[in-house]
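Let me begin by presenting the structure, written as structure tokens, before commenting on it.
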Amino acid sequence: MNPELLLSRIRVVLCRPSHPGNIGAAARAMKTMGLSDLYLVEPKRFPDPEADVRATGAVDLLQRAAVVASLDEALAGCLFAVAMSARQRDLGPPVGQPRESVAQLLAEAAEGPVALVFGNETVGLSNEEVCRCQAAVCIPTDPAFSSLNLGSAVQLLCYECRMTAFAGTPPLARQGVTPFTSPTATADEVEGFFTHLEGVMTATGFFNPLQPGRLLPKLRRLFGRARLERDEVNILRGILAATQQTTRHGRKD
Ligand code: SAH
């Protein structure tokens with residue numbers, strides 16, 4: 001299925017967020033990864049200028065965000081929901097790793113809307129909220145410090161969603177420049193260069209064909225590692241030709 005369509009079916013639900021800045025950060029995190037459906041369950045302050053500031057270019061997601069009174073409302077129509085929690089719950093759904101759970105989430109998204117559910121900054125998700133979900137995810141952290149900032153947790157999961165939706169290789173953002181490329185030099189072009197190099201090394205006295213030692217195979221190994229391009233062979237041969245000119249005619253300066 002089309003990766004963008006899959007991503008558009010993932011709701012990000014923030015339960016009772018206290019800080020509008022985190023709502024803005026979550027919107028930005030979502031937009032960078034191609035998600036757009038934000039649900040806010042009883043946000044403490046929203047709309048709020050701080051949310052807009054932290055969202056920067058993702059204010060459109062905030063404008064379209066659904067503000068609802070309960071998690072049940074946010075999950076209406078969803079086929080599958082994943083609770084995000086650093087803590088294991090008694091009687092909660094099975095806890096998985098982000099990557100494996102996101103694979104399941106996207107498989108479900110092929111059928112219809114799904115949700116990632118995040119908790120409040122101070123108290124996290126309640127047991128009741130976790131039990132409304134069919135799976136739980138704990139982001140592996142240093143066990144001594146396991147609580148991520150809400151916006152960071154949203155970013156990490158949205159990234160995993162994007163990676164999985166695009167089968168591990170999402171297209172990179174266009175950089176505005178086309179990188180220079182030159183075809184790989186062919187065997188005969190490389191041989192032409194080696195012959196030229198050997199000639200110049202001999203003419204300058206650097207290489208004595210009567211006592212060749214291991215110089216030539218070592219140079220072959222060096223240039224073999226470089227996987228020379230045609231353009232590079234031309235540059236190297238240009239340098240050799242200029243050296244020949246100088247050795248024939250003497251320096252002009
Ligand atoms: N102090 C709270 C955590 C608040 S962080 C607690 O102990 O539960 C805000 C939200 O970010 C959490 O409710 C959770 O949805 C998400 N989150 C933060 N760290 C996480 C982690 N290591 N694994 C999964 N979710 C995490």
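Positions are given from 1, in the same order as the sequence printed here. One-based numbering, in listed order, for ligands and for the atoms of each.
One finds the CZ atom of R9 at 13.0 Å from the CG atom of L35 (value rounded to the nearest 0.5 Å). Taking CE from M84 and CG from L157, the interatomic distance works out to 3.5 Å, rounded to the nearest 0.5 Å.
For atom 15 (O) of ligand 1, the nearest non-hydrogen atom of the protein is M84 O, 2.7 Å. Nearest protein neighbour of atom 23 (N) of ligand 1, counting heavy atoms only, is I139 N, 2.8 Å. Taking atom 22 (N) of ligand 1 as the reference point, the nearest protein heavy-atom neighbour is S146 O, 2.8 Å. The nearest protein atom to atom 4 (C) of ligand 1, hydrogens excluded, is given as E121 O, 3.1 Å; this is a heavy-atom distance. When hydrogens are left out, the protein atom nearest atom 19 (N) of ligand 1 is L148 N, 2.9 Å; that is the closest non-hydrogen contact. For atom 3 (C) of ligand 1, the closest non-hydrogen atom of the protein is S147 OG, 3.5 Å.
Taking each of G151, G119, P17 in turn, the one with a heavy atom nearest to atom 10 (C) of ligand 1 proves to be G119.
Within ligand 1, counting atoms from 1 as listed, the ones closer than 4.0 Å to a heavy atom of A153 are 11 (O), 16 (C), 17 (N). Remark: ligand 1 atoms within the under-4.0 Å shell around heavy atoms of F118 are 15 (O). Residue V137 approaches ligand 1 through these ligand atoms, each under 4.0 Å from one of its heavy atoms: 24 (C). Taking a cut-off of under 4.0 Å to the non-hydrogen atoms of T141, the atoms of ligand 1 that pass are 22 (N). Which parts of ligand 1 touch S85 is read off a 4.0 Å heavy-atom cut-off, strictly below it: atoms 23 (N), 24 (C), 25 (N). In the vicinity of C138, heavy-atom distances shorter than 4.0 Å reach the ligand 1 atoms 23 (N), 24 (C). Here is the list of ligand 1 atoms found below 4.0 Å of a heavy atom in T122: 1 (N), 2 (C).
The shortest side-chain heavy-atom distance between D37 and S8 does not fall under the 4.5 Å cut-off.
Summarising the geometry of S126 relative to R16, their closest heavy-atom pair is N-NH2, 4.0 Å, with the distance given to 0.1 Å. Minimum heavy-atom separation, C158 to V12: SG-CG2, 4.3 Å.
Side-chain atoms of T186 and D188 include a donor-acceptor pair closer than 3.5 Å. Looking only at atom types and distance, the side chain of H19 has no donor-acceptor partner in the side chain of E50 under 3.5 Å away. Judged by distance alone, the side chains of S85 and R89 do bring a donor and an acceptor atom under 3.5 Å apart.
With sequence neighbours left out, T164 forms a side-chain hydrogen bond (donor to acceptor under 3.5 Å, both in side chains) with no residue at all.
Some N or O of R87 is nearer than 3.5 Å to an N or O of ligand 1, by distance alone.
For the side-chain contact (heavy atoms from CB on, under 4.5 Å) with P17, the lone residue among N22, I23, N120 that qualifies is I23.
With a heavy-atom cut-off of 4.0 Å, A83 does not touch ligand 1 at all.
Using 4.0 Å as the threshold, V154 has no heavy atom nearer than that to any atom of ligand 1.
Under a hydrophobic clustering in which Ile, Leu, Val, Met, Phe, Trp and Tyr are joined whenever their side-chain heavy atoms come within less than 4.5 Å, directly or via other members, L75 and I10 fall into different clusters.
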